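The structure under discussion appears below in the form of structure tokens.
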Protein chains: 2
Amino acid sequence: MSLEQASEIQRRMYDFIVNYMKSEGMPPTNREIGRELNIASTGHVDYHLTMLEKKGLISRQAKKSRGIKLTKQTQDGIPVMGKIAAGEPLDIFEGATESVDVGQNFTDTENTYALVVRGRSMIEDHICDGDYVVIKKQATCRDGDIVVAVHMQEGVSGSATLKRFFQEKDHDRVRLQPANSELDPIMIPKTIWDREWQIQGKVVAIFRQCITAA
Amino acid sequence: MSLEQASEIQRRMYDFIVNYMKSEGMPPTNREIGRELNIASTGHVDYHLTMLEKKGLISRQAKKSRGIKLTKQTQDGIPVMGKIAAGEPLDIFEGATESVDVGQNFTDTENTYALVVRGRSMIEDHICDGDYVVIKKQATCRDGDIVVAVHMQEGVSGSATLKRFFQEKDHDRVRLQPANSELDPIMIPKTIWDREWQIQGKVVAIFRQCITAA
DNA sequence: CAAAAACTAGAACGACTATTCCAAATGATC
DNA sequence: GATCATTTGGAATAGTCGTTCTAGTTTTTG
């Protein structure tokens, strides 16, 4: 919640605080905030900070210089946009409800997100049920890449599937290959491919959290 | 370098700054440092901060409150202590040369480290050559846990191996089971186990970075 | 329209902060 | 013993900081 019910200037203020903390390693002062957002009065800044605090986005330590803390500390994680499988395409991109912290390996947060793998369709590539796959958004890919392919059907929101991508030039079609010998590949003629399918991105990393009950 | 050539009080000061930043999210003021280290004079604190800066451990922004930055960026990653395999035990713990950033999922940095997996000995558990395994240090484990087991031979530094741990009570021995049907388990009588073997820790996560040439 | 909420500016206060200067111990080196 | 770097205390200064106050405008809401 919260971020949506903040006004435009409060959102800009919050963004500035986040960026300042990331680059400077400390929260900004009220005056630094005002200078950045062209706010002439420190009291004015204080007012909006109080609002942000009331909305639960930050917390403040009274009287302390730079006494701002972020309550939502998931700054570093990348959003988990949904679940994905190969056998039965699932809807994704309903908005991130979760996030997974994979550190600073993937800094391009604009173009990186994660999905939770469902099923055993990529098991022979050692991608298991429950694994997080880190996806880098891109519209093109190379033969053999593990990609998120979206099937856009008329009227229906696209359903996504995780598969290896192969371009079979001699047959002029695309093969989406699961990594499970019990499952069949999807063969798509190039003409239909261009019209109905779209590469959303490719897998750049896999993260598996082992259940550890002790 | 640098940290070694700092005096005891400067080391304590540096530690306090690191801990303060970790818990408070901002650097401490000179006065807060003095209060913590029982230094009566702010000028005194300033003197030691100047020394720390000269030795390259911190950098300072003149006149700014809390204007301290750590130059050695707080290794957010966890140290990669070496390589490990099941087939041919490898020496580890030669000191970390590398580190991998797995985010804030594992905050107990004192008791967590990573290893690079070599070989296909755990392939049926979907742990591949090149994967990072995140290890949580602990001396005991449960049946079925994937553990780092160290064989301590006389005179030789211990060699480590990654396997699943099983305690076979009826035979009074320990089985270290690779996840590769081509490889045989290691069976160790309980008496020898207690004397020559040691559990270093268990796998809590797996991180795989896919080669992405575009 | 009227009332309420949100937003903006300016000024001022007291506390906090980094820095500097002075003076004096302590410990090591030669 | 003399010299030097290191370590400590006290005081003072100029500026920064969070906060509060008054007073006005704009926007939203009923």
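FYI, side chains are in, hydrogens and waters are out, and symmetry mates aren't considered; it's all heavy atoms of this structure. Model, not experiment: these values are computed from the prediction. Throughout, a chain's letter reflects where its sequence line sits, starting with A, and its residues are numbered from 1.
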Picking from [options], which would you name as closest to the side chain of [X]?
{"X": "B:I9", "options": "D:dT19, D:dT7, C:dT19", "result": "D:dT7"}
{"X": "A:T42", "options": "D:dG9, C:dA11, C:dA9", "result": "C:dA11"}
{"X": "B:A40", "options": "D:dG10, D:dG18, C:dA9", "result": "D:dG10"}
{"X": "B:A62", "options": "C:dA9, D:dG10, C:dT19", "result": "C:dT19"}
{"X": "A:Q10", "options": "C:dT19, C:dC7, D:dC17", "result": "C:dC7"}
{"X": "B:Y47", "options": "C:dA9, D:dT19, D:dT6", "result": "D:dT6"}
{"X": "B:H48", "options": "C:dA9, C:dT19, D:dT7", "result": "D:dT7"}

Without swapping roles, check the side chain of [X] against the backbone of [Y] for a donor-acceptor pair under 3.5 Å.
{"X": "A:R164", "Y": "A:G144", "value": "yes"}
{"X": "B:D143", "Y": "B:Q167", "value": "yes"}
{"X": "B:R120", "Y": "B:C128", "value": "no"}

If only side-chain N and O atoms of [X] are considered, is one of them under 4.0 Å from the OP1 or OP2 phosphate oxygen of [N]?
{"X": "A:H44", "N": "C:dA9", "answer": "yes"}
{"X": "B:N30", "N": "C:dT17", "answer": "no"}
{"X": "A:R66", "N": "D:dT16", "answer": "no"}

Residue whose closest nucleotide on DNA chain D lies nearer the 5' end, B:N38 versus A:G43: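 The residue whose closest nucleotide sits nearer the 5' end is B:N38.
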In whole angstrom, give the distance that lies between atom [atom1] of [X] and atom [atom2] of [N].
{"X": "A:Q61", "N": "D:dG18", "atom1": "CD", "atom2": "C1'", "answer": "13 Å"}
{"X": "A:R35", "N": "D:dG18", "atom1": "CZ", "atom2": "P", "answer": "11 Å"}
{"X": "A:K54", "N": "C:dA5", "atom1": "NZ", "atom2": "P", "answer": "11 Å"}
{"X": "B:R11", "N": "D:dT6", "atom1": "CZ", "atom2": "P", "answer": "15 Å"}
{"X": "A:E8", "N": "D:dT27", "atom1": "CD", "atom2": "C1'", "answer": "15 Å"}
{"X": "A:D46", "N": "C:dA9", "atom1": "CG", "atom2": "P", "answer": "15 Å"}
{"X": "A:M51", "N": "C:dA5", "atom1": "CE", "atom2": "P", "answer": "11 Å"}
{"X": "B:I39", "N": "D:dT6", "atom1": "CD1", "atom2": "P", "answer": "16 Å"}

Axis-to-axis angle across the helix from C:dC1-D:dG30 to C:dC30-D:dG1, five pairs an end, to 10 degrees?
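Result, rounded to 10 degrees: 40°.
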Original post:
Measuring from B:R60:CZ to B:D46:CG, what's the distance to the nearest 0.5 Å?
Top reply: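 Result: 4.5 Å between the selected atoms.
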Return the CD1 to CD1 distance between B:I39 and B:I33, rounded to the nearest 0.5 Å.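 Taking CD1 in B:I39 and CD1 in B:I33, the distance rounds to 8.5 Å.
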Fill in: Touch class at under 4.0 angstrom, heavy-atom based, for A:R31 against every strand present
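Since a base atom lies under 4.0 Å of A:R31, the category is base.
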**Message:** Considering every strand and a 4.0 Å limit on heavy-atom distances, what is the contact class for A:S41: base, sugar-phosphate, or nothing?
**Reply:**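 Base: the residue A:S41, judged by heavy atoms under 4.0 Å, touches a nucleobase.
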Practice prompt. Just say parallel, tilted or perpendicular for the rings of A:Y132 and A:F207, cut-offs at 30° and 60°.
Written response: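 Plane angle between 30° and 60°, so tilted.
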Examine the base of D:dG18 for any acceptor or donor lying under 3.5 Å from a partner atom in the side chain of A:S65, and report the outcome as yes or no.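 For A:S65, whose side chain was compared with the base of D:dG18, there is no donor-acceptor pair (under 3.5 Å).
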